[in-house]
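Because the structure is predicted, anything quoted here is derived from the model rather than measured. Letters A, B, ... mirror the listed sequences (proteins, then strands); counts begin at 1.
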Number of protein chains: 2
Amino acid sequence: MIEYSRQPHYLVAVDCIVFGFDGEHLKILLVKRGLEPEINKWSLMGGFVGPDESPDDAANRVLKKMTGLEGVYLEQMQIYGEPARDPIERTLSVGYFALIDIHKYEAQLNDDYEAEWFLINERPKLIFDHNQMVADARKKLRYKAALHPILFEMLPKKFTIPQLHILFEEVNDTKIDTRNFSRKITSTGLLIKLAEKDKTGSKKGAFYFKLDKKKYAANAQAFLNLVPNLKV
Amino acid sequence: MIEYSRQPHYLVAVDCIVFGFDGEHLKILLVKRGLEPEINKWSLMGGFVGPDESPDDAANRVLKKMTGLEGVYLEQMQIYGEPARDPIERTLSVGYFALIDIHKYEAQLNDDYEAEWFLINERPKLIFDHNQMVADARKKLRYKAALHPILFEMLPKKFTIPQLHILFEEVNDTKIDTRNFSRKITSTGLLIKLAEKDKTGSKKGAFYFKLDKKKYAANAQAFLNLVPNLKV
DNA sequence: AATATTAATTGTCTTTTTGACAATTAATAT
DNA sequence: ATATTAATTGTCAAAAAGACAATTAATATT
C-alpha cells in the first residue's frame, strides 16, 4: 500500500479572534484556557481539528460550542506554524477572525466556558502567540473593512448611522467626518431607512436602518472606500 | 509530563503556485510529481513541512530546491484541509503564491526536477485540489495586484512601461487604456526613468525604468488603484 | 408656552481622481 | 525623403473625495 513514509505528523488547531461592538467600543471575546499548559490563563477560542472536519469546520464548531452561534462571519487569516510556538508539542494553528453581534451572544451565553468580552485595548496578556494573532486580526479587519462592507456583521439587524459611524471610527482608530461618512455609506445603496427611530441616544432620535440583503449579498465582494486616508 | 492526549496528528504540506511573465503572457511553473500516488502527473511545487521549520520556511525551501531562487516574493493564501483531499493520508496543505522573474529562473534551472512553464490558460489538469489552488491564486493575485505594487516582482530590474502594461492586462484579463495606465503608474512615484532604451520591440524603442527601491519598500503596503472597474 | 439643550441630519464648494477620447514623436525601414 | 511602427504624451468632462457648519427634531427647562 502506498504511504508517505516517515514524514512527521503534527497537531493542527484553529484559533478564533472574535470581535464584537458594544455601541461604543470594539471588543474581543476571550476564554480561560481549560487544559494544561497555561491552564486558567486567558486565550483565544480554539480547538484541535478533528479527523472528519476541515479547519473551517473546526472553527465553526468551536464557535458554536463556545458562543452558541451558528453561521457566524468567519474569515481565515493565516497559519501560525513556528516549530516552538506551543511548548508541549508541535501544533500548527489556523487563525480566524469572527465578527458577531455582541447582543446575540449575550442572549446565548454558554456557561461551560468562562468567556468574557474585553475592550480591544484593555485585554489581558494571552498565551503563546495569541497576542500576535490579535494584532494580525485587527490589521486584517481594518484592511478588509475598508474595502468590503463587513462591519454590519457586528451590528444588530436594526442600526443607526451614528452607530455605524462610531464602529468605523473604532475599527480604524481614527476620526471620520460625519457628513462625508454619511454620504459615502448611503451612496453604497446598501441601507434601507426604516420609519422607526432609536431614542436611547438623544432627544431627537436617530433613524434605524437595515441592510438590503440582496444588495449586500451581491456587493459583499465589491470594493468600497469607506475610510479616508487609509494606512494599512 | 503534560501532553495533548490522543489528539489526531496530520501531515502538513505546502504548495506553491509560481507565477512568471514572459513578456507576453502570464505563466505558471509546474512539476512532474515524484512520488506515489499520481506519480508523473503534473502538480504544483510542494513538500512536507519539516520538524524544524515553519510553513513559510518550508515554502522557501521548496522554491529554493526546485528553482534555485532565494528571497522570492511569496505570499500565504490559505490552508487546504478537506479531510479527503489527499487519498492516501490526511494532509493539510498551506497554499502560497510566488512571483518570480522568469528569466532568473531559466538561468538557474534545476535538472533534478522536471519542471515546465505553462501558459496560465493552457495548463494541464493537476492532481488533487491543485486546480482549485491555481484558481484561488489567480484571484488573489488579481486582488492584491490591484491594490499593491507587487507585479514588479515578475519583471527584470530594467523594464519598460509597455511591458508593465501588458503584464497588468494579463493579470486582470482586461484591456487597460495606455494613457490612463501610464498616468497612474508614473504618479505612484515608484518608477525611475533610465537613459537606456529597449529597442527589441519597436523602432522607436521604449525607455527602461527601474523601481525606486526605497519608495517601493515604503509603499509595498500602500494602496493604489491600478486597475479600472475592478471586479473581484 | 416659550426657550434652551442636545445630538441627528443635511449641503456646498474646491480639489483630486477617474475615465474616455487621439494626436504627436522617435526611431528604423523603404 | 518618405513610410512605417510602436512609444509617448494631452485634454476635457464626470465622478469622487475632502474640508467645512448650518439646520432640524426632539426633549428638558424655565
Side-chain angles (χ1 to χ4, degrees), chain A residues 23-24 145-149 155 158-170 172 174-210 219 222-232, chain B residues 23-24 146-147 149 155 158-170 172 174-210 219 222-232:
Chain A
E24 294 187 68
L147 299 169
H148 305 274
L155 290 173
K158 295 187 300 183
F159 52 86
T160 67
I161 302 272
Q163 279 170 12
L164 203 52
H165 184 211
I166 294 170
L167 176 53
F168 268 85
E169 292 190 330
E170 273 289 307
N172 291 285
T174 184
K175 285 287 168 193
I176 304 177
D177 182 85
T178 322
R179 294 153 287 188
N180 294 340
F181 177 79
S182 184
R183 168 162 35 100
K184 274 195 184 178
I185 205 74
T186 52
S187 75
T188 63
L190 291 175
L191 301 192
I192 297 174
K193 192 174 190 171
L194 303 179
E196 192 185 355
K197 271 188 169 182
D198 169 24
K199 293 288 191 57
T200 61
S202 71
K203 295 161 188 170
K204 182 177 179 179
F207 279 104
Y208 278 118
F209 288 79
K210 66 173 182 179
N219 287 326
F223 270 63
L224 303 173
N225 187 11
L226 294 168
V227 181
N229 303 319
L230 179 71
K231 294 286 184 300
V232 179
Chain B
E24 294 187 68
L147 299 168
L155 290 173
K158 295 187 300 183
F159 52 86
T160 68
I161 303 272
Q163 281 171 9
L164 203 53
H165 184 211
I166 294 169
L167 176 52
F168 268 86
E169 290 190 333
E170 273 288 306
N172 291 285
T174 184
K175 286 287 171 193
I176 304 177
D177 181 85
T178 322
R179 295 153 286 188
N180 295 339
F181 177 79
S182 185
R183 169 167 28 106
K184 274 195 184 180
I185 205 74
T186 52
S187 74
T188 63
L190 291 174
L191 301 191
I192 298 174
K193 193 175 190 172
L194 303 179
E196 193 185 354
K197 271 188 169 182
D198 169 25
K199 293 287 192 56
T200 61
S202 71
K203 296 163 186 169
K204 180 178 179 179
F207 278 104
Y208 279 119
F209 289 78
K210 66 173 182 180
N219 288 327
F223 270 63
L224 302 172
N225 187 11
L226 294 167
V227 181
N229 304 319
L230 178 71
K231 295 283 186 301
V232 179

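- Here the side chain of A/N180 is nearest to one of C/dT18, C/dT9, D/dA19, namely D/dA19.
- Taken from NZ in B/K199 to OG1 in B/T160, the straight-line distance is 13.5 Å, to the nearest 0.5 Å.
- Using a 4.0 Å heavy-atom criterion, one finds that A/T160 contacts no nucleic acid atom at all.
- If you measure from atom CZ of B/R183 to atom C1' of D/dT9, you get 11 Å, rounded to the nearest angstrom.
- With a 6.0 Å cutoff to the six-membered ring centre and a 45° limit on the axis angle, A/K197 counts as a cation-pi contact of A/F207.
- The CD1 atom of B/I185 sits 14 Å away from the P atom of D/dT8 (whole-angstrom rounding).
- B/F159 is listed as a side-chain neighbour of B/L191, based on a closest heavy-atom distance under 4.5 Å.
- Pair assignment for D/dC12 gives C/dG19, based on Watson-Crick or G-U wobble hydrogen-bonding distances that are each under 3.5 Å.
- The partner of C/dT25, taking Watson-Crick or G-U wobble pairs whose two distances both stay under 3.5 Å, is D/dA6.
- A donor-acceptor pair is defined here as one N or O able to donate and one able to accept, closer than 3.5 Å; such a pair exists between the side chain of B/H165 and the backbone of B/I176.
- Rounded to an integer number of Å, the gap from A/F209 CZ to C/dA8 C1' is 10 Å.
- Within 6.0 Å of NZ in B/K210 there are 12 or fewer heavy atoms belonging to other residues, nucleotides or ligands.
- Atom-to-atom, NE2 of A/H165 to P of C/dA7 comes out at 15 Å; the value is rounded to the nearest Å.
- Atoms CZ and CG, from B/F209 and B/L190 in turn, are 12.5 Å apart once rounded to the nearest 0.5 Å.
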Tabulated below should be each protein N or O lying under 3.5 Å from an N or O of nucleotides 22-27 of chain D; please produce it.
from	atom 1	to	atom 2	distance (Å)
D/dT24	O2	A/K204	NZ	2.8

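- The distance from atom NZ of B/K184 to atom P of C/dA20 is 10 Å, rounded to the nearest whole Å.
- Following rounding to the nearest Å, B/D177 (CG) and D/dT11 (P) show an atom-to-atom distance of 16 Å.
- Both distances falling under 3.5 Å, in either a Watson-Crick or a G-U wobble arrangement, place D/dA17 opposite C/dT14.
- A/T174 and A/N172 share no donor-acceptor pair across their side chains, judged by distance under 3.5 Å alone.
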